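On a predicted model such as this, the values are computed, not experimentally measured, just so you know.
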Number of protein chains: 2
Amino acid sequence: MSRSLSIGELASRTQCQSETIRYYEREGLLPSPARSAGNYRQYDSAQVERLSFIRHCRSLDMTLDEIRALLKFRDAPSRNCAEVSALLDEHVRHVADRITQLRGLQRQLRQLRGLCANPGNTDRCGILKEMTRAARREGHAPPAVGHVHGPHRRAR
Amino acid sequence: MSRSLSIGELASRTQCQSETIRYYEREGLLPSPARSAGNYRQYDSAQVERLSFIRHCRSLDMTLDEIRALLKFRDAPSRNCAEVSALLDEHVRHVADRITQLRGLQRQLRQLRGLCANPGNTDRCGILKEMTRAARREGHAPPAVGHVHGPHRRAR
DNA sequence: TAGAACCCTATAGCTACTATAGAGTCAAGT
DNA sequence: ACTTGACTCTATAGTAGCTATAGGGTTCTA
């Protein structure tokens, strides 16, 4: 019999914060664990594995909804796994779309950057000028179409 | 003298919603405009241009903070524009990082997908098996490092 | 028995919006 | 003059996936 783990121990074993674990519990990705006499959460090795699985999926940039779906398949081993493949296929497609989009962006940005080789006053700045001109030209598309995030995220 | 625009007219000219315009105003990207007798916002052509500029920046996936910075340069034409170039350089770097990251992801995902050619029961699913194994192996890195978003976004 | 280190819940914050509720305003038609 | 509909106003809550805080309780060690 292996001793049960506190939330902090589970956290350090899975490289994620206690807060995140409690969040996953609220979100239904992890079951509510047993509690100690002092109301502390007690985890076992099954939960270590489940959380590791979740974190691995997150490291593959899956959404919690996608992960929820995968967990359902894991929890019902007799179901047909074609849907697992389908889910993965779609995720691959999302990622591919995003790459395409970012490459286009990159091209535009580098072009824009090329307009300022010798920095002077902002009133003669080629970059600002061109952005203003481009803005006037366009009926600019919305920032990012569909199911795809921008390139910014704060550090953790 | 050109007639002033209502928020709805500004919205349709710039391809963005009235709500978004009010949001930009709250965020200090757009100045509080004049008001009519009935307390309606009244915009002029300078605001059309300013908002177009903002939307163009957003279509280049800049954050509102980055845009705020650019607007400050636009508003102070005598300042040196080296910082504009620097800002753009950093943005280009963010995008490049994100592309690299997504390519790695794509490789992993396709590999995983290859494990299920003939779908059967989930208890023999090569994908789920491998994800479980991989999760056990790793001290999985956090979902996305630094300043970078995942590939998912809901449609507008 | 004190203090440090952990745990608990509840709540607010982050980005860049979007969507609602509930009220007021305006122009056109009758 | 009055109604109808389209517009506008403010304020508030919701989205994803956490992170951070406040204000308490618990457990371990000295």
OP1 or OP2 of dT18(C) under 4.0 Å from side-chain N/O of T20(B)
yes
Whole angstroms only, please: what is the CD-P distance between E27(B) and dT15(C)?
8 Å
Under 4.0 angstrom between Y24(A) side-chain N/O and dC18(D) OP1 or OP2
yes
Starting at CG of L30(B) and ending at P of dA16(C), how long is that distance when rounded to a whole Å?
15 Å
Check this for me: does any side-chain nitrogen of one of E9(A) and R3(A) sit under 4.0 Å from a carboxylate oxygen of the other?
yes
Please test R41(B) against S36(B) for side chain to side chain donor-acceptor pair (under 3.5 Å), starting from the C-alpha separation and ending with a verdict.
CA-CA 6 Å; R41(B) 288 171 177 81; S36(B) 73; over 6 Å; no
Pairs under 3.5 angstrom, nitrogen or oxygen only, protein versus nucleotides 7-11 of chain D, please.
residue, atom, partner, partner atom, Å
dC7(D), O2, Y40(B), OH, 3.2
dT8(D), OP1, S6(B), OG, 2.9
dT8(D), OP1, G8(B), N, 2.6
dC9(D), OP1, R41(B), N, 2.8
dC9(D), OP1, R41(B), NH1, 3.0
dC9(D), OP2, R22(B), NH1, 2.2
dC9(D), OP2, R41(B), NH1, 3.3
dC9(D), O5', R41(B), NH1, 3.4
dC9(D), O3', R35(B), NH1, 3.4
dT10(D), OP1, R35(B), NH1, 3.3
dT10(D), OP1, R35(B), NH2, 3.0
dT10(D), OP2, R41(B), NH1, 2.9
dT10(D), OP2, R41(B), NH2, 2.8

Which residues share a side chain to side chain donor-acceptor pair (under 3.5 Å) with E49(A), sequence neighbours left out
R136(B)
Rounded to whole Å, the CD1-P distance (I54(A) to dC18(D)) equals 10 Å
Grab the CZ-P distance between R58(A) and dA16(D) for me, whole Å please.
12 Å
Test of understanding: with side chain to side chain donor-acceptor pair (under 3.5 Å), list the residues that count as partners of Y40(B), not counting sequence neighbours.
none
Rounded to the nearest angstrom, tell me the gap between atom CG in L10(A) and atom P in dC8(C).
11 Å
Just by distance, with hydrogens left out, do R74(B) and T132(A) show a side-chain donor and acceptor under 3.5 Å apart?
yes
Rounding to a whole Å, what distance do you find between I21(A):CD1 and dT9(C):C1'?
16 Å
Out of dC18(D), dC17(C), dC26(C), minimum distance to the side chain of L64(A) belongs to dC18(D)
Between the main-chain N or O of D89(A) and the side-chain N or O of H94(A), is there a donor-acceptor pair closer than 3.5 Å?
no
Measure the distance from CD on Q15(A) to P on dT19(D) and round it to the nearest whole Å.
13 Å
Interatomic distance where CD belongs to E25(B) and C1' belongs to dT18(C) [whole Å]
17 Å
Y24(B) and R55(B): side-chain donor and acceptor closer than 3.5 Å?
yes
